[in-house]
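This report concerns only the one structure given below.
Order of the sequence lines sets the chain letters (A, B, ...), proteins ahead of strands, with each chain counted from 1. Keep in mind the model is a prediction, meaning the values are calculated, not measured. All values below come from the heavy atoms of this structure, side chains included, with hydrogens, waters and symmetry mates left out.
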There are 2 protein chains.
Amino acid sequence: MGTVGKAISLLELFSVAEPELGLSDLSRRSGFDKATTRRLLVALTGHGFVEQDAGTRHYRLGAGLSRLARIREARFPFLQTAVPLVRELATATAETVHLSEFGIDRLVTVHVEHPARANRVNVDIGQLLPLHSTASGIAYMAFARDEAVRACLAGPLDAFTAHTLVEPAAIARSMDEARVRGYSICDQGLEEGVISVAAAILAADGFALGTIAVAAPKARTAAADIAQRGLAVMAAAREISMRLNGDNLQILRRQA
Amino acid sequence: MGTVGKAISLLELFSVAEPELGLSDLSRRSGFDKATTRRLLVALTGHGFVEQDAGTRHYRLGAGLSRLARIREARFPFLQTAVPLVRELATATAETVHLSEFGIDRLVTVHVEHPARANRVNVDIGQLLPLHSTASGIAYMAFARDEAVRACLAGPLDAFTAHTLVEPAAIARSMDEARVRGYSICDQGLEEGVISVAAAILAADGFALGTIAVAAPKARTAAADIAQRGLAVMAAAREISMRLNGDNLQILRRQA
DNA sequence: GGATATCGGTTCATTATTTGAACCATTATT
DNA sequence: AATAATGGTTCAAATAATGAACCGATATCC
């Protein structure tokens with residue numbers, strides 16, 4: 001791995017659950033030598049990608065990242081556009097709604113709305129979702145470029161639960177159904193007792209760029225709930241797609 | 001400069017005005033060899049920090065940055081907390097309002113609200129503000145750690161206009177006034193014909209972490225306008241500080 | 001239409017940077 | 001008082017980064 005990759009994988013050790021980490025911890029988890037880890041952290045700190053707490057000496061992600069993310073967001077106003085509709089959907093369904101954007105080979109959770117109830121599905125911002133075993137992934141692949149789909153189906157497909165689909169044919173079927181239906185369904189593909197529906201958000205070129213999904217405990221989910229949430233998530237995805245692409249319906253032919 | 005620094009300075013070439021750049025362009029602007037530039041871009045792309053447009057082959061900032069920025073934001077909900085108040089202030093003043101966060105040695109513009117009028121001050125997201133020549137910078141330093149202030153006053157201080165204060169003593173006086181008054185005033189310190197007021201947003205430790213500012217064309221700004229905007233920006237900053245710190249007024253003694 | 005310039009991308013011997021075991025100084029634990 | 005963490009530093013050895021020259025493909029110009 002190149003030095004740049006190492007520096008970035010250091011950044012990727014931070015999460016919502018553990019937003020601050022010490023030098024030794026970072027060194028241990030990354031597998032890099034302590035001296036190396038520190039040199040990388042100093043370089044990252046010098047550019048505002050990492051900050052060091054004056055008191056605890058622990059490190060955390062820096063403001064420089066916010067800056068760059070906002071510059072990106074100015075070009076692709078994905079969050080700005082989608083978040084209000086995620087909120088609406090969360091209110092309407094009273095279940096967890098999460099928004100994801102595609103990155104490299106997985107979906108990245110960029111926004112989450114949790115319902116105000118104790119028994120709920122918990123999703124963290126920044127969480128990475130595999131394509132084959134989540135409703136979001138299936139919805140994404142249903143409208144993704146062939147290359148991305150092939151890359152996913154070629155790689156090793158982890159079975160996270162007894163229900164996870166790992167047969168390429170079964171996954172392809174799942175995608176086909178999602179395409180016809182307008183939304184995907186994933187029954188405990190990533191975690192026991194969780195059932196999700198999702199729909200793809202399309203870019204101007206007609207290919208998916210992200211997804212919106214509703215995740216709920218299976219125990220309180222009837223078939224009618226699935227259908228209702230599915231239609232709602234589909235409507236939200238379509239609305240976001242249209243707002244992103246200037247209400248240009250022509251372009252959205254693939255989803256029509 | 002280390003490899004990591006080079007990679008990051010490549011990222012910093014992107015801006016709201018130029019969100020997509022080609023390989024040759026990036027190589028030229030960074031001063032790195034084309035081969036080096038490309039190797040860095042490939043490394044960055046592999047981690048989602050940069051994306052390449054399939055058609056034009058141009059590069060742009062990637063989704064991985066959004067992910068990390070959101071993780072940071074989950075710990076420091078600066079934007080979430082502040083943006084509604086920035087909006088309010090923009091509506092109330094009918095002038096440009098911008099929000100900044102401190103990073104390394106400057107303030108980073110993380111949010112902007114522009115009024116719906118042609119003649120206005122334009123500020124871009126991601127824009128970097130020097131500490132000594134902006135209302136935000138003065139407001140920040142008025143409540144910053146001594147080290148940060150000393151570092152600023154020690155370095156070379158550019159005179160951007162004929163009005164820019166470059167004397168450390170004059171800048172210190174400006175800070176003192178801001179501390180007493182509750183908000184800073186900067187009269188054409190960065191650009192001719194622009195007058196701004198700003199107030200510091202404080203962290204739980206009582207030190208500034210960012211600022212909120214109102215910038216307006218000097219031509220339509222009377223003394224009374226300055227006072228009015230100053231009080232408004234101060235109120236907004238205080239409200240943001242309180243919301244960030246759980247309404248703990250004790251902690252905000254420094255601003256009292 | 002043919003010459004020219006620019007684009008993105010690649011190669012590989014040379015060069016400069018990164019690496020990590022061993023080392024401090026501090027600060028909790030035991 | 002001893003032990004084991006912590007964050008941080010050093011420098012010879014190992015490794016990765018570098019860049020001039022190259023390629024093929026577009027775009028531009030006369």
Would you kindly give the [atom1]-to-[atom2] distance between [X] and [N], to the nearest whole Å?
X	N	atom1	atom2	answer
A:Met1	D:dA17	CE	C1'	16 Å
A:Leu23	C:dA25	CG	P	18 Å
A:Arg29	D:dT6	CZ	P	11 Å
A:Glu20	D:dG7	CD	P	13 Å
B:Asp25	C:dC7	CG	C1'	11 Å

Query raised in the report: Bend across the helix from C:dG1-D:dC30 to C:dT30-D:dA1, to 10°, with axes taken over 5 pairs at each end?
Result: 40°

Check: [Y] and [X] side chains under 4.5 Å, non-hydrogen atoms:
X	Y	result
A:Phe14	B:Leu68	no
B:Thr96	B:Asn122	no
A:Leu202	A:Leu209	no
A:Ile171	A:Met141	yes
A:Arg67	B:Val110	no

Requested in this report: Pull out every residue in residues 4-13 of chain A that has a heavy atom closer than 4.0 Å to any atom of DNA chain D, ordered by number, or say none.
Outcome: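 DNA chain D contact set from residues 4-13 of chain A: none.
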
Query raised in the report: How many angstroms lie between CD1 in A:Ile125 and CD1 in B:Ile71, if you round to the nearest 0.5 Å?
Result: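 The CD1 atom of B:Ile71 is 9.0 Å from CD1 of A:Ile125, to the nearest 0.5 Å.
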
Query raised in the report: Out of curiosity, A:His111 NE2 to A:Leu79 CG, how far, rounded to the nearest 0.5 Å?
Result: 8.0 Å

Query raised in the report: Which residues, if any, of residues 32-49 of chain A bring a heavy atom under 4.0 Å of DNA chain C?
Result: A:Asp33, A:Ala35, A:Thr36, A:Arg39

Report summary line: So, with a heavy-atom separation below 4.0 Å from DNA chain C, the residues of residues 55-64 of chain B are B:Arg57, B:Tyr59

Query - Inter- and intrachain pairs under side-chain hydrogen bond (donor to acceptor under 3.5 Å, both in side chains), touching residues 124-141 of chain B, at least two apart - result: B:Ser136-B:Thr211

Requested in this report: Please determine, for the side chain of A:Thr3, which listed nucleotide (C:dC7, C:dT18, D:dG8) has the closest atom?
Outcome: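 Side chain of A:Thr3 sits closest to C:dT18.
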
Is any NZ, NE, NH1 or NH2 atom of the basic residue among [X] and [Y] found under 4.0 Å from an Asp or Glu carboxylate oxygen of the other?
X	Y	answer
A:Glu20	A:Arg57	no
B:Asp25	B:Arg28	yes
A:Arg29	A:Glu12	no

Query raised in the report: Think A:Ser24 has a side-chain N or O under 4.0 angstrom from the OP1 or OP2 of D:dG7?
Result: yes

With a 3.5 Å cut-off and sequence neighbours excluded, list the donor-acceptor pairs that the side chains of residues 99-107 of chain B form with protein atoms.
{"from": "B:Glu101", "atom 1": "OE2", "to": "B:Arg72", "atom 2": "NH2", "distance (Å)": "2.3"}

Query raised in the report: Any sub-3.5 Å donor-acceptor pair from B:Arg60's side-chain atoms to B:Pro19's backbone N or O?
Result: no

